[in-house]
Amino acid sequence: MHHGPGTAPSTSFRRRSKALVQLRAPSGSRWGLVTVGEWFTHWLATRTGAASTISGYASHVRLYLALYVGMVVLAELSVSHLQAMFARIAREHQARGTPLAAATLNRIRATLRTALNAALRRGPASDNPAARME
């Protein structure tokens with residue numbers, strides 16, 4: 001439904017949008033429709049621990065994770081999204097002549113798994129596709 005400049009969405013449109021958000025959120029979730037990027041922002045803001053660890057997480061999120069999958073709805077994130085992300089990261093670095101070491105890709109994957117495990121525990125996610133990657 002399109003609304004022209006300066007016009008508000010109709011009440012029925014807002015009701016349908018709210019219902020869609022509730023349907024797409026994990027069962028019993030108070031989070032609603034959350035993107036991967038929004039989850040990463042929340043997750044990083046609530047991290048405690050060694051400053052170097054949190055800095056590494058933030059770097060992976062900023063340079064790779066939010067950039068490639070940040071706009072994906074968390075409940076819809078899939079293994080195929082993640083496989084495509086890692087392939088694209090590797091391809092783009094190779095094209096620039098700065099290939100990433102396997103250890104770097106593993107650390108990025110570890111950050112992703114850690115963030116998604118936290119989402120499982122706290123409620124905005126019902127699955128961790130990073131745990132199923134090969």
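Residues take their numbers from the sequence shown, with the count starting at 1.
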Asker: For H60 and Y64, take the angle between the two ring planes, folded into 0 to 90°, and tell me which bin it lands in: parallel under 30, tilted 30 to 60, perpendicular over 60.
Answerer: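 The rings of H60 and Y64 sit tilted, inter-plane angle from 30° to 60°.
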Asker: Tell me, please, whether Y68 has R88 positioned over its six-membered ring: NZ or CZ under 6.0 Å from the ring centre and within 45 degrees of its axis?
Answerer: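 Judged by the rule (NZ or CZ under 6.0 Å from the ring centre, within 45° of its axis), R88 is not positioned above Y68.
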Asker: Could you tell me whether a side-chain N or O of T41 sits under 3.5 Å from a main-chain N or O of G37, the two making a donor and an acceptor?
Answerer: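 Present.
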Asker: To the nearest 0.5 Å, what is the distance between CG (L44) and CG (L65)?
Answerer: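 One gets 9.5 Å once the value is rounded to the nearest 0.5 Å.
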Asker: What's the spacing between L120 CG and R113 CZ if we round to 0.5 Å?
Answerer: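 Taking CG in L120 and CZ in R113, the distance rounds to 13.0 Å.
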Asker: If you measure from CZ on R107 to CG on L112, what distance do you get to the nearest 0.5 Å?
Answerer: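 Nearest 0.5 Å value for the CZ-CG distance: 15.0 Å.
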Asker: Decide yes or no for V73 and L33: does some side-chain heavy atom of the first lie under 4.5 Å from some side-chain heavy atom of the second?
Answerer: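 Result yes, sub-4.5 Å side-chain heavy-atom pair found.
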Asker: Kindly compute the distance separating CG (L105) from CZ (F86), expressed to the nearest 0.5 Å.
Answerer: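 So the gap between those two atoms works out to 6.5 Å.
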Asker: State whether a side-chain donor-acceptor pair under 3.5 Å links R122 with T46.
Answerer: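 A pair is found: one side chain offers a donor N or O, the other an acceptor, under 3.5 Å apart.
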Asker: If I compare all heavy atoms of P129 with all of S78, which pair ends up nearest, and what's the gap?
Answerer: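 Looking at all heavy atoms of both residues, the shortest contact is CB-C, 3.6 Å.
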Asker: Using atom types as modelled and distance alone, determine if a side-chain donor or acceptor of W39 lies under 3.5 Å from a backbone N or O of A115.
Answerer: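 Answer holds: yes.
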Asker: Tell me if a side-chain donor or acceptor on H93 pairs with a main-chain N or O of T98 at a distance below 3.5 Å.
Answerer: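 Checking the backbone N and O of T98 against the side chain of H93, a donor-acceptor pair under 3.5 Å is found.
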Asker: If you round to the nearest 0.5 Å, how far is NE2 of H42 from CZ of R47?
Answerer: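 Here the rounded value is 9.0 Å.
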Asker: Kindly work out whether a path of hydrophobic side-chain contacts (I/L/V/M/F/W/Y, heavy atoms less than 4.5 Å apart) joins L67 to F40.
Answerer: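 Yes, L67 connects to F40 through the hydrophobic network.
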Asker: Quick check: closest heavy atoms across E76 and V72, and the distance to 0.1 Å?
Answerer: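 Shortest heavy-atom separation between E76 and V72 comes out as C-CG1, 4.3 Å.
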Asker: Side-chain heavy atoms nearer than 4.5 Å, only ILVMFWY residues, links allowed to pass through others: does that put M71 and L116 together?
Answerer: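 Per the 4.5 Å side-chain linkage, M71 and L116 are not co-clustered.
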Asker: Working note: D127 + R132, criterion side chain to side chain contact (heavy atoms under 4.5 Å, CB included); need CA distance, chi angles, decisive distance, verdict.
Answerer: CA-CA 10 Å; D127 182 32; R132 294 192 321 272; 2.6 Å; yes
Asker: Within the side chain of E38, is there an N or O that forms a donor-acceptor pair under 3.5 Å with the backbone of T35?
Answerer: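 Confirmed, E38 side chain pairs with T35 backbone.
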Asker: Has S55 got a side-chain atom pairing as donor or acceptor with A51's backbone, closer than 3.5 angstrom?
Answerer: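 Answer holds: no.
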Asker: Minimum heavy-atom separation for V61 and T111, please, with both atom names.
Answerer: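 Shortest heavy-atom separation between V61 and T111 comes out as CG2-CG2, 4.5 Å.
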Asker: As an exercise, state the distance from OG of S126 to CG of L74, rounded to the nearest 0.5 Å.
Answerer: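 Result: 8.5 Å between the selected atoms.
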